[in-house]
J.: 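Before we start, here is the structure in question, set down as C-alpha cells.
Convention: sequence-line order gives letters A, B, ...; per-chain numbering from 1.
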There are 2 protein chains.
Amino acid sequence: MKLREFAQQLGLSPTTVSRALSGYPEVSEKTRKRVAEEAARLGYRPNINAVRLATGRAGAIGVVMGRTGEFHFSEFMGGLAERLSDDDIDILVSPLDEKDPESEIQLYSRLADSGRVDAIIVHSATPNDERIALLHRLGMPFLVHGRSETDVPHAWLDIDNEGAIRRATSHLLDLGHRRIAMINGRQGRTFSLHRDKGYRDALEARGIPFDPRLVAHGNFTDELGFRFARSFLEQTPRPTAFVAGSMMTALGIYRAARSMGLEIGREVSVIAHDDVFPYLTAENMVPSLSATRSSIRAAGARSADLLLQLLAGRPTSEIHELWPVELILRESTTPPQDA
Amino acid sequence: MKLREFAQQLGLSPTTVSRALSGYPEVSEKTRKRVAEEAARLGYRPNINAVRLATGRAGAIGVVMGRTGEFHFSEFMGGLAERLSDDDIDILVSPLDEKDPESEIQLYSRLADSGRVDAIIVHSATPNDERIALLHRLGMPFLVHGRSETDVPHAWLDIDNEGAIRRATSHLLDLGHRRIAMINGRQGRTFSLHRDKGYRDALEARGIPFDPRLVAHGNFTDELGFRFARSFLEQTPRPTAFVAGSMMTALGIYRAARSMGLEIGREVSVIAHDDVFPYLTAENMVPSLSATRSSIRAAGARSADLLLQLLAGRPTSEIHELWPVELILRESTTPPQDA
DNA sequence: AGATTTTACCAAACCGTTTTAAATTTGTGC
DNA sequence: GCACAAATTTAAAACGGTTTGGTAAAATCT
C-alpha cells in the first residue's frame, strides 16, 4: 500500500500521515494515535527506498571485512547488528581484497561516495591511518574501533590495550618470570603498539631489559602462535612465560609447548587476550587460560550507539571511549619452575 | 552530480545516458563509449537510492545471523561478499534474537516484506522448515544453504554431509574401530540428520549395531565437544574413535582425551568436519586432525552466484547443487590399540 | 524516388516518500 | 463577537533516477 492510498482511507493528506508516523510535533496527539493504529491494522509501511531518496539518508552503516584472522569479526558484527536493528539501520558488509594492498583505501573511498552508507566503521587503525584522513576529507561520518594517533579528529571506541598488557606482564613478573615472550598482533596497528608499550613499561618498571628476540608480530592464527612459540621455546635460555594476543594464538602456544614436552601452567605460563567467544572459552582450556578479557560483542553494540549519536549530531571530539580490561587469573599462570 | 547535469554536459538526454550506462541495446556503440568515458572522467555515478526507487529493486540480499556457535558465519559471509561486490549488491545482516524462539520466523517475515532485500539466504534448514514455507508463500526469492525435505520448492546448495560422514565412519571401521562416538550438530537440522544417516549406514554396512549412547547433538562449541567427549570416554568400554561435527568440537575432544590421560592418535582416534578457516587448521593440530573438508567460503561465493541466477530468472527447480566432500587423513586416525 | 523499416535519440510520466510554504481551523484576550 | 496568534492540516515541489511511448534521421526495400 502506498502512502497516498493509506492517507485517503484515513481521510487525511499524505503530509499529515507522513508526519504523524515520523513523530513530528505539528500533528495533534489524537491524529497521531489514529494514524499509528490504522497503520498497524492495515499494515502500511513506508517504502524504504522512497524514504531513502527523499531524505538522502542511506539507512545503513558500512563495515569492511578483512579476510585473514578475522574470527572475532562476526562477534563484533553481532553486537553491532543487535543494537542497530532496533533503529531500522542496515549493516552493509564490503569484503576487502587482501591480495592487493592498494585496494583498501580505494574500497573505503568507493564505499564513502557510493551513497549506500551514512557512516563507516574503521577497524585495526594505524597510528597515522590513511583511511581516517580519507573519510575525514570526504566528510563521511565514521567511528574507529580502536584508535589512531593522527591529528585528524576521529570518534573512537577502544579498549585499554596498553593497561591490559601492562597488568598481564606485571602479573607474570610478580610471579617471578624474567624471560617473558610476547606474540602480538600485526605490526604497525595502533593496538599492537599499545600492547608493545604496556609490555615494555611493565618490564622497565622492574628494570628488566627489553629483548627484541622475545617479541613477534602477526595475524591472530593458531598457526602463527605455534610457529612463534616454537621458535621462542628453542632459544636458550627459553622464555618461561608468554603474553598472547588472542585465543587462537594461545591455542598455538599450547600446542607448541606440548609438542616440546613442556607443561603449560608448570614449565610455561601463558596469558592471552580474550575477546569472549561463545564457542571457545579461556575457562575451558586445559589448563584453563589466564586472560585479559573484554567482550568484543559489547564493543560492537556500543559502537552502534556511538555511531548513532555521531549521526545525530554529537560532536566527534566528545566521542572517545576507552574501556578498561579485566584480568582473570586461571591455571595457566604460575611461578616459574626454576625461580 | 545529477543525471540531468551530466547529460547536459554531454549534449544528450537523460534517457540516453541512463540507457547507455545500463547497457541497453538502443544506444549506438559510439555514444555508449563516449558516455562511459565521460562518466569515468567526471565521476558521475547514479544515485543508488533513486535507482532503487525507480527500479523497485533493493540491490541487496539478506542474511540472518544467529548468535551461538556461528564461528563459520563470517567465512560464509566472506565468500558471499566477495562475489556480490562485483555486481554492486549489498549484504544486509539481521541479527537473530535467540532468547525468543518465536522471533525467528517473525524476523524472516519482516525482512521479506521490508523491501530492503531482493532475496534471502536461509541457513541450517530443518526437514520441514517454516522459513522456507514462509518465503515461498511471500514470493520472496531465497536460497537455502543446506537443504530441507519439505515439498515446498527451494533452491539449495549443500555439501554431501551424509556421504562425508559415511566415508569418515567407514574409514574408522576399516581401521578396526568398533565403538565409534559421534558428536553431531544441533538436533533437528537437516545436516545433522544427514550426518546421522551417514554414520548409521556405515555401521549397518558392517553389521555393527547402532548404540544411541554414543551419539550426541548440540552447538559447535569446544565446551560441548569437551563435555560430550568426556562423558563418552567415561563409559566402559569406552569408544576408541570420534566423529566430530566441527573444528571446535574437535578441540573439545582433544582436550577431554588429554584431561583423561588418553593420547589422541593412539588411544583415541578423531575425525572431524572442517569448514576450512584461515585461523585454525586441521593440519596444524597436534596430532594433525583427519577431516572431511569443504570450504564454506567457497560455498558462500557459489551461493551468491546461484542467488544471482535465481534473480535473473533461472527456475528454482534447476538450482540444486550438492558438493562432494574431501576426506583427508592425518595423524589423528589410527587403528585401535587393542585391535 | 517513394514507401517502409530500423536505428538513435528524446520528452514526459512515474517510482513513493519528505519537506516547504501556504491555507485552514482552533483557541485566546478583550 | 472580533482581532490575532497558535495549532493543525494541506497542495505542490522536491529527491534523482528509469521506463513508456514517441519522433526524426538513416538504412533498406520496392
J.: Nearest of dG17(D), dT18(C), dT19(D) to any side-chain atom of P46(B)?
T.: dG17(D)
J.: Using heavy-atom distances to pick each residue's nearest nucleotide on DNA chain C, tell me which of P25(B) and T55(B) is more 5'.
T.: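 Looking at DNA chain C, the more 5' nearest nucleotide goes with P25(B).
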J.: Can you figure out which of dG16(D), dT9(D), dT19(D) approaches the side chain of R57(B) most closely?
T.: dT19(D)
J.: Picking from dT18(D), dG16(C), dC10(C), which would you name as closest to the side chain of K2(A)?
T.: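 Selected nucleotide (nearest to the side chain): dG16(C).
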J.: Any donor-acceptor pair under 3.5 Å between the side chain of R19(A) and the base of dT10(D)?
T.: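 Side chain to base: pair present.
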J.: Give a yes or no on whether a salt bridge exists between R116(B) and D88(A), defined as a side-chain N under 4.0 angstrom from a carboxylate O.
T.: yes
J.: Using whole Å, report how far CG of L12(B) lies from P of dA11(C).
T.: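 After rounding, the reported distance stands at 11 Å.
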J.: Could you check whether G115(B) gets within reach of a base, just the sugar-phosphate, or nothing at all, counting any heavy atom under 4.0 Å?
T.: nothing
J.: Calculate the interatomic distance between L3(B) atom CG and dA12(C) atom P; express it in whole Å.
T.: 16 Å
J.: So does T31(B) reach the base of dA8(C) with its side chain, donor to acceptor, closer than 3.5 Å?
T.: no
J.: Name the nucleic acid region contacted by I48(B), choosing base, sugar-phosphate or nothing; use a 4.0 angstrom heavy-atom cut-off, strictly under.
T.: nothing
J.: Roughly how many Å is it from CD in E5(A) to P in dG16(C), rounded to a whole number?
T.: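 Distance check: E5(A) CD to dG16(C) P gives 9 Å.
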J.: Looking at every non-hydrogen atom in both residues, tell me the closest pair between A58(A) and D118(A) and how far apart they are.
T.: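 Distance-wise, the nearest heavy atoms are N-OD1, 2.7 Å.
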J.: From CG of L21(B) over to P of dC9(C), roughly how many Å is that when rounded to an integer?
T.: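 Roughly 13 Å, once rounded to whole Å.
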J.: Nearest whole Å is fine: how far is dC9(C) P from Y24(B) OH?
T.: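 It is 17 Å, rounded to the nearest whole Å.
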J.: Rounded to whole angstrom units, what separation is found between the CZ atom of R4(B) and the P atom of dA12(C)?
T.: 11 Å
J.: Check for a donor-acceptor pair, side chain of T126(A) on one end and backbone N or O of G188(A) on the other, with a separation under 3.5 Å.
T.: no
J.: Counting just side-chain N and O atoms, does S28(B) come under 4.0 Å of either OP1 or OP2 of dT7(C)?
T.: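 Result: no.
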J.: Do the side chain of T15(A) and the base of dT18(C) come within less than 3.5 angstrom through a donor-acceptor pair of N or O atoms?
T.: no
J.: Do the charged groups of R32(A) and E29(A) touch, with an N to O distance under 4.0 Å?
T.: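 Counted as a salt bridge, because a side-chain N and a carboxylate O are separated by less than 4.0 Å.
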J.: Applying a 4.0 Å non-hydrogen cut-off, can you work out what F6(B) is touching in the nucleic acid: base, sugar-phosphate, or nothing?
T.: nothing
J.: Which whole-number value in Å describes the distance from Q8(A) CD to dG16(C) C1'?
T.: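 Roughly 15 Å, once rounded to whole Å.
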J.: Has S148(B) got a side-chain atom pairing as donor or acceptor with P127(B)'s backbone, closer than 3.5 angstrom?
T.: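 Yes: the side chain of S148(B) pairs with the backbone of P127(B).
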J.: Let me know the distance between OH of Y44(B) and C1' of dG17(D), rounded to the nearest Å.
T.: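 Atom OH in Y44(B) sits about 7 Å away from atom C1' in dG17(D).
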